[in-house]
Amino acid sequence: LAEIFIFYSSILGSQRMKRVHQSQNVVIFIIIMVFVIGCVGAPTQEMSDARQAIKAARDVQADYYMPALWTKVEQNLAQAEQKLEAGEFKEARLFATLTKDQAVNAHNMAVAIGDAQRVWQALTIMALKAPKMRSLLEKAHLSAHQGQVEKAVDFANQAYIQGQTVLNQAYLEQAKILINKVNNHKASLHPNDMAILNLAETAYQRQEGQKAYQLIKPLLTKLLKE
C-alpha cells in the first residue's frame, strides 16, 4: 500500500508541475502578445501628441519664424495620417514621433526668438541703441529661416541676454535719478513711502534696474502731486 501511495503521489506531483509550467508559459505568452499588439496597434497617442505639439508651436508663431522646416513638419504629419489610414501603424508611429519632435523644437526656437524680440521692442521704445543685440537677433532670424534650430535658439538667447543688459543699465540710470529726487523730499515722506524708497534703493544696489525704477517712479509722481 505504501508503495502504491508513493507511486500515485509522484504522478500527481508531476501533473501539478506540468500545470505550473503551462501556466507560466501562458502568462509569458500573454505578456508577449500585449507587447506586440502595443507595438503594431494604431498610434493614437503619438498622433495626438504630434497634433498638440503643432498647435503649441503655431501659437508662438513657429510657422512664421521657420517656414521651410515648418513645411516638413506638416508633410510629416500628413504622412503619418496617410500611413494610419492605410493601416501601416509602425510607419505612422515613426512619422508621428518625428512630427512631434520637430514641432517641439520649433516651439522652443520660436519662444526664444519671441522673448528676444520683446526685449528689442522695449529698447526701441526707450530709444536705446544695442547694435550687438540687433546683430544677434538678425542671425537668430536667419538661422530659423534656414531651419537651423539649435543655432537660432543660441543666437536668440545671446540676443536676449545682451538686450536685457542694455535695458537693465538704462533702468538703473533712470532709477538713480529718480531716487535722488525722492531723497530731496525725504523729510515729507510718510512711513509707507519711506518703505518704498528703501525697497527701491535696495533693488538699485542689487543692480535690479527695472524693479528699482518701477518702485521709485510712482512714488516720485505722488510726491510731485502733493
Side-chain angles (χ1 to χ4, degrees), residues 43-84 91-175 203-204 206-215 217:
T44 305
Q45 186 60 53
E46 288 85 349
M47 293 298 295
S48 176
D49 291 344
R51 293 189 180 101
Q52 289 179 15
I54 285 178
K55 182 182 182 304
R58 274 206 187 100
D59 289 343
V60 292
Q61 297 182 300
D63 52 336
Y64 167 76
Y65 289 120
M66 49 187 311
L69 185 56
W70 193 256
T71 298
K72 294 181 181 179
V73 171
E74 292 179 329
Q75 289 174 346
N76 286 330
L77 179 62
Q79 284 286 338
E81 291 172 340
Q82 290 174 8
K83 297 296 183 182
L84 182 63
E91 290 78 5
R93 179 174 284 104
L94 290 174
F95 276 112
T97 301
L98 177 60
T99 300
K100 184 197 76 171
D101 291 342
Q102 289 178 330
V104 168
N105 288 336
H107 172 273
N108 295 339
M109 182 218 62
V111 168
I113 292 179
D115 288 344
Q117 195 72 43
R118 280 186 286 276
V119 174
W120 176 254
Q121 290 170 354
L123 292 173
T124 303
I125 292 171
M126 297 175 67
L128 297 173
K129 295 181 179 180
K132 186 175 181 180
M133 182 196 178
R134 180 177 181 178
S135 175
L136 289 167
L137 192 54
E138 288 174 351
K139 290 179 180 179
H141 279 289
L142 180 60
S143 297
H145 276 276
Q146 294 174 344
Q148 300 174 332
V149 177
E150 291 184 5
K151 279 189 175 182
V153 171
D154 183 50
F155 283 131
N157 288 338
Q158 290 184 53
Y160 177 84
I161 293 171
Q162 181 65 26
Q164 283 285 34
T165 300
V166 174
L167 192 61
N168 186 64
Q169 185 59 40
Y171 275 122
L172 283 172
E173 292 172 1
Q174 290 296 318
Y204 177 81
R206 293 177 178 175
Q207 298 294 294
E208 298 171 350
Q210 187 170 2
K211 182 177 180 181
Y213 179 81
Q214 290 175 343
L215 283 167
K217 185 179 179 181

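These numbers come from the heavy atoms of this one structure, side chains and all, not from hydrogens, waters or symmetry mates. FYI, the numbering just counts along the sequence from 1.
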- Message: Does Phe155 form a side-chain contact (heavy atoms from CB on, under 4.5 Å) with Leu137? I'd like the steps, not just the answer.
- Response: CA-CA 7 Å; Phe155 283 131; Leu137 192 54; over 6 Å; no

- Between Gln146 and His141, is any side-chain donor less than 3.5 angstrom from a side-chain acceptor?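 Side chains of Gln146 and His141: no pair found under 3.5 Å.
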
- Query: Quick one: do the Gln52 and Ser48 side chains pair a donor with an acceptor below 3.5 Å?
  - Reply: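 Their side chains do contain a donor-acceptor pair, which is all the 3.5 Å distance test asks for.
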
Once rounded to the nearest 0.5 Å, what's the spacing between atom [atom1] of [X] and atom [atom2] of [Y]?
X      : Y      : atom1 : atom2 : value
Leu77  : Phe95  : CG    : CZ    : 11.0 Å
Trp120 : Leu167 : CH2   : CG    : 12.0 Å
Lys217 : Leu215 : NZ    : CG    : 13.0 Å
Ile54  : His107 : CD1   : NE2   : 13.0 Å
Leu123 : Lys129 : CG    : NZ    : 13.0 Å
Gln158 : Asp154 : CD    : CG    : 4.5 Å

- Message: Can you tell me which residue among Lys83, Arg93, Arg51 is in a salt bridge (charged side-chain N to carboxylate O under 4.0 Å, His left out) with Glu46?
- Response: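 Exactly one pass, corresponding to Arg93.
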
Least distance between heavy atoms, [X] atom then [Y] atom:
X      : Y      : answer
Ala106 : Ala62  : O-CB, 3.7 Å
Asn168 : Glu208 : OD1-C, 3.8 Å
Gly209 : Ala175 : O-CB, 4.4 Å
Ala57  : Ala103 : CB-O, 3.6 Å
Leu84  : Ala92  : N-CB, 3.7 Å
Gln162 : Leu136 : CB-CD1, 4.4 Å

Can you check whether [X] reaches [Y] side chain to side chain, under 4.5 Å on heavy atoms?
X      : Y      : answer
Lys151 : Leu142 : no
Ile161 : Met133 : no
Gln79  : Gln75  : no
Met47  : Glu81  : yes

- Query: Given Gln102 and Leu98, is the side-chain contact (heavy atoms from CB on, under 4.5 Å) satisfied, shown in steps?
  - Reply: CA-CA 6 Å; Gln102 289 178 330; Leu98 177 60; 4.0 Å; yes

- For Asp115, all residues meeting side-chain hydrogen bond (donor to acceptor under 3.5 Å, both in side chains), sequence neighbours excluded: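 Counting only residues at least two positions away or on another chain, Asp115 forms a side-chain hydrogen bond (donor to acceptor under 3.5 Å, both in side chains) with Arg118.
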
- Task: Output, in order, the C-alpha distance, side-chain angles, deciding distance and verdict of side-chain contact (heavy atoms from CB on, under 4.5 Å) for Glu138 and Arg134.
- Result: CA-CA 6 Å; Glu138 288 174 351; Arg134 180 177 181 178; 3.4 Å; yes

- Message: Are there over 12 heavy-atom neighbours, none belonging to Glu74, within less than 6.0 Å of that residue's CD?
- Response: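 Yes, CD of Glu74 has more than 12 neighbouring heavy atoms, counting only those of other groups under 6.0 Å.
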
- For Tyr160, does the OH atom sit with more than 12 other heavy atoms under 6.0 Å from it, leaving out its own atoms?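 Counting neighbours around OH of Tyr160, 12 or fewer heavy atoms of other residues, nucleotides or ligands fall under 6.0 Å, so no.
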
- Relative to the ring of Tyr213, is the ring of Tyr171 parallel (under 30°), tilted (30 to 60°) or perpendicular (over 60°)?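 It falls in the tilted class, 30° to 60°.
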
Is a side-chain donor or acceptor of [X] paired with a backbone partner of [Y] at a separation under 3.5 angstrom?
X      : Y      : answer
Asn157 : Val153 : yes
Asn76  : Thr99  : no
Ser135 : Pro131 : no

- Given Met66 and His145, is the side-chain contact (heavy atoms from CB on, under 4.5 Å) satisfied, shown in steps? CA-CA 5 Å; Met66 49 187 311; His145 276 276; over 6 Å; no

